[in-house]
Amino acid sequence: MDRQDSIIFPIIRYSLIGLGTNLVQSGVLNAEQLETAVGALITLGATAWLVFNKTYRHKK
């Protein structure tokens with residue numbers, strides 16, 4: 001992991017935490033819907049990472 005990755009991931013994490021908190025507090029989502037959305041995002045992110053890793057990183 002290079003320096004850029006170590007800076008980007010915390011920014012993404014805290015942005016998502018703030019977004020989720022604001023959506024629940026404003027009443028757009030309830031906690032159960034937020035948990036479902038987070039689970040879906042994690043699944044999609046893990047799948048995208050696996051495809052990226054398999055496609056680009058292992059070809060070198």
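Values in this document were obtained by computation on a predicted structure and should not be read as measured data. Just so you know, these numbers use all the heavy atoms, side chains as well, and skip hydrogens, waters and symmetry mates.
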Could you tell me the separation between the CG atom of Leu16 and the CG atom of Leu34, rounded to the nearest 0.5 Å?
10.0 Å
Spacing of CD1 belonging to Ile42 relative to OG1 belonging to Thr47, to within rounding of 0.5 Å
11.5 Å
Distance-only donor-acceptor pairs under 3.5 Å for side chains of residues 24-33, two or more places apart:
from  : atom 1 : to    : atom 2 : distance (Å)
Ser26 : OG     : Asn22 : O      : 3.0
Ser26 : OG     : Leu23 : O      : 3.3
Asn30 : OD1    : Glu32 : N      : 3.2
Asn30 : OD1    : Gln33 : N      : 2.8
Gln33 : OE1    : Asn30 : N      : 3.0

How would you list, by chain and number, every residue that makes a side-chain contact (heavy atoms from CB on, under 4.5 Å) with Ile11, sequence neighbours excluded?
Ile7, Ser15
Please collect all ring pair (Phe, Tyr, Trp, His ring centres under 6.0 Å) contacts where either partner lies in residues 23-51, sequence neighbours excluded, each pair once.
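Qualifying pairs, neighbours excluded: Trp49-Phe52.
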